[in-house]
Amino acid sequence: MGKTTEYEFGGPIGTTINMIVLPLVVVFLYLACPNGESSGFCLRGVDVFQLKHMPIPGLSQLFSLDAFAMCAGWFLFLVFLERILPYKVGQGVELSNGQRLKYRINGHLTFWVSLFVAEHFIDLSILYDKYLELAVAAISLSILLSVYLYLSSFKKGALLAKGGNTGCAPYDFWMGRELNPRVGDFDLKVFCELRPGLIGWMLLNLGMLQKQRQLNNGSVSTSMLLVNAFQGLYVWDALYNEEAVLTTMDVTTDGFGYMLCFGDLAWVPFTYSLPARYLVTHNAGLSDEILLAFALLGMLGFYVFRASNSQKDAFRRDPQSEEVKHLKYLKTERGTSLIVSGWWGLARKINYTGDWFFGLSWSLFTGFGSILTYFYPIYFAALLAHRAWRDDHACSLKYGADWKKFKEMVPYVFFPWLF
Ligand code: NDP
């Protein structure tokens, strides 16, 4: 594999800034909306000037050996389940060396087993009490794992990702040098993409629910139930459709470095669980009718997200299968075909649009008391816009003139007839 010559994410400076700022954002989101006695502080509305009263924690509130042991124990417990639970074998896409890697597909079973163990043997409300220490422990763990991944990528024979091999250490550390780092047949990237952070996020939410129940004499708000149900559905869906991750950009193209490692292990669980954490001590103040309207909007988003992703997945597996053989497509010089009807005829990234609306509903369930609980849809809009741009660039390189033709046939990116 030759050296990477094109930079993304603002090059060495942009990626270094990201590496420093993103963990601080995780801590900031806690401090701007803290737990326990200080929970009354939570940033109200959009008035950011209140932040000058934000409580600043001491080092002992940030770091604890207990929290680190809990995070490491959780990670190892899931490795154990991945190893011992029955599995079917999934195949990855063909790599640049002609190889197709095999994967243990047992994430869905792992989801139910870990949920059962956590619900029956652990008082999950501890996740609320130790939230900040756990977040810092997860960040530390992701940094340690990234250092290991970076160093081990120099071993002989490692297949490097196209994007993380510039020779500039901080940049490559962020992007990830090795495409599919493994220990034996244990695939670190696919494991981290779907298990510790995603299932951990769901347990954090359940911990918030238990805490609210403890504080409110056994009662739980409808908003809390909805946030748990909707985000739980999102996590369950990812694990139920585990094999679909094998064809995503993260797995097929990006190296496994700090960007994905930190994102999977720290960012996803500790920023996406903010709505549930907020609801422990805040009332959304929404009527049942309004909550129902938000739930319907979310379900519509989920339907578009799931139906479009499943349609593409089914088409990629077998274009002649019953469910997709009616679709129109553009046969490309590269050999694969691009769907130009059905969901994918409406807009080129219709799956992102559905995903975003589903995510918006999680924030809407918290009401309008603080801009902080809208962090996810704001950040996610930026992530999806950047991801769409990255994929467009990658596809124009992959498909050349065919991509141009495809874009003429499907002119809209996110919304049919709008843009
Ligand atoms: P896509 O599922 O959109 O995959 C892009 C690839 O699909 C392209 O490179 C191309 O690959 C293929 N493709 C694109 N258009 C067509 C078409 N018309 N017909 C056939 N194949 C096509 O992107 P992602 O992997 O980024 O996302 C997957 C899902 O994960 C999305 O729903 C996204 O919203 C979600 N996601 C969620 C995140 C979160 O934090 N919540 C983060 C990131 C993603 P090729 O032609 O080589 O097959």
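Atoms within a ligand are numbered from 1 in the order they appear, just like the ligands themselves. Bear in mind that the values here come from a model prediction, so they are computed numbers and not experimental data.
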Check: I339 to ligand 1: N or O pair under 3.5 Å?
Finding: yes
Next item on the list: Could you pull out, from R348, R387, R390, the option with a heavy atom nearest to atom 26 (O) of ligand 1?
Entry: R387
Next item on the list: Between R334, R316, K312, flag the one that comes closest to atom 7 (O) of ligand 1 by a heavy atom.
Entry: K312
Checklist line | ligand 1 contact by A394, heavy-atom criterion under 4.0 angstrom | finding: no
Item checked: Check: W174 ring centre within less than 6.0 Å of F256 ring centre -> no
Notebook entry, point to check: Just distances here: any N/O of W403 and N/O of ligand 1 closer than 3.5 Å?
Noted result: no
Notebook entry, point to check: Does Y272 have a non-hydrogen atom less than 4.0 Å from ligand 1?
Noted result: yes
Margin query: Yes or no: does T336 have any heavy atom under 4.0 Å from an atom of ligand 1?
Written below: no
Note to self: Please enumerate all residues that pass side-chain contact (heavy atoms from CB on, under 4.5 Å) together with D355, with sequence neighbours excluded.
What the structure shows: Y234, F305, F380
Check: Given the side-chain rings of Y272 and W201, with only the six-membered ring counted for Trp, is the space between their centroids under 6.0 Å?
Finding: yes
Notebook entry, point to check: Can we call the ring centroids of Y240 and F111 under 6.0 Å apart?
Noted result: no
Next item on the list: Report the C-alpha separation of E178 and K189 in whole Å, then their side-chain angles, then the decisive distance to 0.1 Å, and conclude whether the salt bridge (charged side-chain N to carboxylate O under 4.0 Å, His left out) test is met.
Entry: CA-CA 10 Å; E178 193 172 353; K189 181 162 67 171; over 6 Å; no
Notebook entry, point to check: At under 4.0 Å between heavy atoms, which part of S308 makes contact with ligand 1: side chain, backbone, both or neither?
Noted result: neither
Check: Just going by heavy-atom distances, which of Y234, Y399, F406 is nearest to atom 45 (P) of ligand 1?
Finding: Y399
Item checked: L95, CG atom: more than 12 neighbouring heavy atoms under 6.0 Å -> yes
Name the atoms and distances for all side-chain donor-acceptor pairs under 3.5 Å in residues 406-419, with sequence neighbours left out.
{"unit_1": "K407", "atom_1": "NZ", "unit_2": "D392", "atom_2": "OD1", "d": "3.0"}
{"unit_1": "K407", "atom_1": "NZ", "unit_2": "D392", "atom_2": "OD2", "d": "3.2"}

Note to self: Side chain, backbone, both or neither: which applies to Y379 and ligand 1 if a contact is any heavy-atom pair less than 4.0 Å apart?
What the structure shows: neither
Notebook entry, point to check: Under a heavy-atom criterion of less than 4.0 Å, does F380 contact ligand 1?
Noted result: yes
Next item on the list: Enter the distance from C33:SG to F28:CZ here, rounded to the nearest 0.5 Å.
Entry: 10.5 Å
Check: Can you check whether W344 has an N/O within less than 3.5 Å of an N/O in ligand 1?
Finding: no
Checklist line | Any Y376 heavy atom less than 4.0 Å from ligand 1 | finding: yes
Checklist line | Distance-only N or O hit between ligand 1 and S337, under 3.5 Å | finding: no
